[in-house]
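One structure is given below, encoded as structure tokens.
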Amino acid sequence: MTARTRFAPSPTGYLHIGGVRTALFNWLFAKQNGGQFILRIDDTDQKRNVETALKPILDGFRWLGMDWDEGPEVGGPYGPYYQSERSKRYEEGVATLLEKGLAYYDYAHPEELQAERQAAEKEKRPFLYSRRFMADTDEKKEAFEAEGRKAVVRLKMPREGNCSFVDLVRGEVSFEWAQEQDHVIQRNDGTCLYHLATVIDDHDFKITHVIRAVEHLSNTPRQIFIAQGLGYDIPEYAHLPYVAEPNGKNKLSKRKIPHYLKNREFKKVYDHGVTIANRLGFAEDAETFNPVLVDFYEKTGYLPSAILNYLALLGWSLDGETEDFSVDDLIKHFTLERVTKAPAGFDPQKLWAFQDRFMQRLSTADKVFAMLPFLINSGLLSKEDAELETEKERLGQIIEACGDRLKVMGDLLEYADFFYVSNANLVYNEKDFKKRLLKENADLLLEKLISRIDSIESFDTKSIENSLRTFLEEEGLKMGEIVHPLRIGTTGKGVGPGIFDSLSILGKEVCLARLQQTLERIRSAMGVRKQP
RNA sequence: GGCCCCUUCGUUCAGUGGUUUAGGACUCCGGCCUUUCACGCCGGCAACACGGGUUCGAAUCCCGUAGGGGUCACCA
């Protein structure tokens, strides 16, 4: 089977995580069947700045590695791929439908229609337009126009029988035609509406499988009606459950971020992202920077493969056990038949777990490559220095020392910044400083440590550890008693990578200088304390 | 309100008439490891919405109830 699928984003300026999931299923399905994935831009409603509003969306897809075979920027044989440029095709469609008597000019004012609707509601019967203002002859047209009325074009929907079709995830679905309204397909200004446009586009682009969110399920009969009217083959349909909000049943929505922020897990992931954003020097508000948008993950340094793996499992599974999928695995195993029917809640914590897993597998070299931009953008490393092999090597050491503590690329900034700041700019965590260093004889201990460290000749991790362990024996101390003072004294932090690694990477000179500086800090703090 | 859809641990995904004392993962709770924080390891809590059928036997099939959602635009 050769499959052609599509995803049709509106240029809204952001890429929604739920949208990505829909796009992903389309993409996987196309890839699996050796077909094409097409991006079509639904910009019939947009006034201007389509390119600006589209860029973040395309960037998002590119970042995720979801390439499109046809669409904006890459073109393709069936373009244009922007709906705003396809109005001619839509007008042709309207003409055909009109000719076949499957659509009609309607001269009703919106208020008149509204009145009918309300009357029906009052009588508790389903609304069906009376077609009072339908003009199926030229005479009627002229008469209505003489009244100063303007026409829209409506579908002349069947009023009996059923529309049945097979949905690849839901099975056989059936609707009564009489439930369908005579939808407008062309406005009185001549522009055409979505349902017509989407059917014509799908046909023109030779889409074989329409895989979209379930909110379109009840739109399907009218689209089938249009397609049949136009003599098109009906594509296969697959309606995906929507992605629900964390701990909720409602559809995940960008507009409800303040509400989601009340959710502990969601908040945690959000706060973590904000911390990184601050380090990077961009202070965006929750409106444009939050875990519902793909951009959030790109900026904070998640791995696309982790996100894709998580998203694929939001409403799909191979079996009850397998969770671990590479992108290639997904392409190989994905099936619409195993897509769930019920909506799945977005769980940022579970995503986090995938991220953790993928991060652990990433090689040091790959991490170096990915983290370098973060160092540069945060100002911790200059662009020129970032080019240096020695710096890359050092970053590799730092990353290895940090080990599994780095969950996303941006974590480096919070976790290992002390490797990059000057001694004078070292920031001390006051709470830890007080807890670990402002106590009896802390200064004396530090003095001893300084002289011991000064005596270490080869400043590698192993030598440092050996030397300090000897020190412990000589002094009758436990590891915990020197690790904390040393860590805060050299890194300013209460938590961090292994201390021997940290010291070694920092280098003897820097360690001594920082410890000396810390010693003075302790004495001045203690002095101040004693004064009153 | 009409129509359509959905309903298994807190979350997510299995389970399609007996292999099920309903399984995996995340979370959570214990414990171990340990130089902090992570990681890792071991263990634990925890669900078939409800009510009727059908059947020797139902989470699995049927009907109903309840709850949730989608859709009913000159939006997409």
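Each chain gets a letter, A, B and so on, in the order the sequences are listed, and its residues count up from 1.
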Check against side chain to side chain contact (heavy atoms under 4.5 Å, CB included), A:E337 and A:V169: CA-CA 5 Å; A:E337 286 70 25; A:V169 339; over 6 Å; no
Output, in order, the C-alpha distance, side-chain angles, deciding distance and verdict of ring pair (Phe, Tyr, Trp, His ring centres under 6.0 Å) for A:Y107 and A:F133. CA-CA 5 Å; A:Y107 287 87; A:F133 298 94; 8.7 Å; no
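For the salt bridge (charged side-chain N to carboxylate O under 4.0 Å, His left out) test with A:R361, the passing option among A:D324, A:D366, A:D356 is A:D324; the others fail.
Cation-pi geometry between A:K493 and A:F418 is not satisfied (NZ or CZ under 6.0 Å from the ring centre, within 45° of the ring normal). For the pair A:R131 and A:Y129, the NZ or CZ position fails the cation-pi test of under 6.0 Å to the six-membered ring centre and within 45 degrees of the ring normal.
Remark: A:R170, A:S174 in residues 160-174 of chain A come within less than 4.0 Å of RNA chain B through at least one heavy atom. Contacts of residues 459-478 of chain A with RNA chain B (heavy atom under 4.0 Å): none.
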How does protein contact run along nucleotides 20-27 of chain B, one letter per nucleotide 5' to 3', with B for base contact, S for sugar-phosphate only, - for none, heavy atoms under 4.0 Å? ---BBBSS
For nucleotides 64-70 of chain B, read 5' to 3', which letter fits each nucleotide if B means a protein heavy atom sits under 4.0 Å from the base, S means only the sugar-phosphate is that close, and - means neither? ----SSS
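Side-chain proximity of A:I499 to B:G10, B:U35, B:C74: nearest is B:U35. Distances were taken from every side-chain heavy atom of A:T340 (C-beta onward) to each of B:C74, B:C13, B:U7; the shortest belongs to B:C13. Comparing atom distances between the A:R487 side chain and each of B:U71, B:U12, B:U36 picks out B:U36 as nearest. When each of B:A76, B:C6, B:U36 is scored by its nearest atom to the side-chain atoms of A:H195, the top-ranked nucleotide is B:A76.
At the phosphate of B:G15, OP1 or OP2 sits under 4.0 Å from a side-chain N or O atom of A:R338.
The structure places NZ of A:K407 at 11.5 Å from OH of A:Y302, a figure rounded to the nearest 0.5 Å.
Under the rule for a ring-ring contact (aromatic ring centres under 6.0 Å, His included), the partners of A:H216 that lie at least two apart in sequence or sit in another chain are A:Y194.
If you check the side chains of A:H209 and A:N26, you find no donor sitting under 3.5 Å from an acceptor.
Interface remark: the A:H183 side chain does not form any donor-acceptor pair with the B:A73 base, using a distance-only criterion of under 3.5 Å.
The main-chain N or O of A:Q83 is found under 3.5 Å from a side-chain atom of A:D43 such that the two form a donor-acceptor pair.
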Pairs under 3.5 Å (N/O, protein and nucleotides 39-42 of chain B):
| from | atom 1 | to | atom 2 | distance (Å) |
| --- | --- | --- | --- | --- |
| B:C39 | O3' | A:Q360 | NE2 | 3.1 |
| B:C39 | O2' | A:D404 | OD2 | 2.4 |

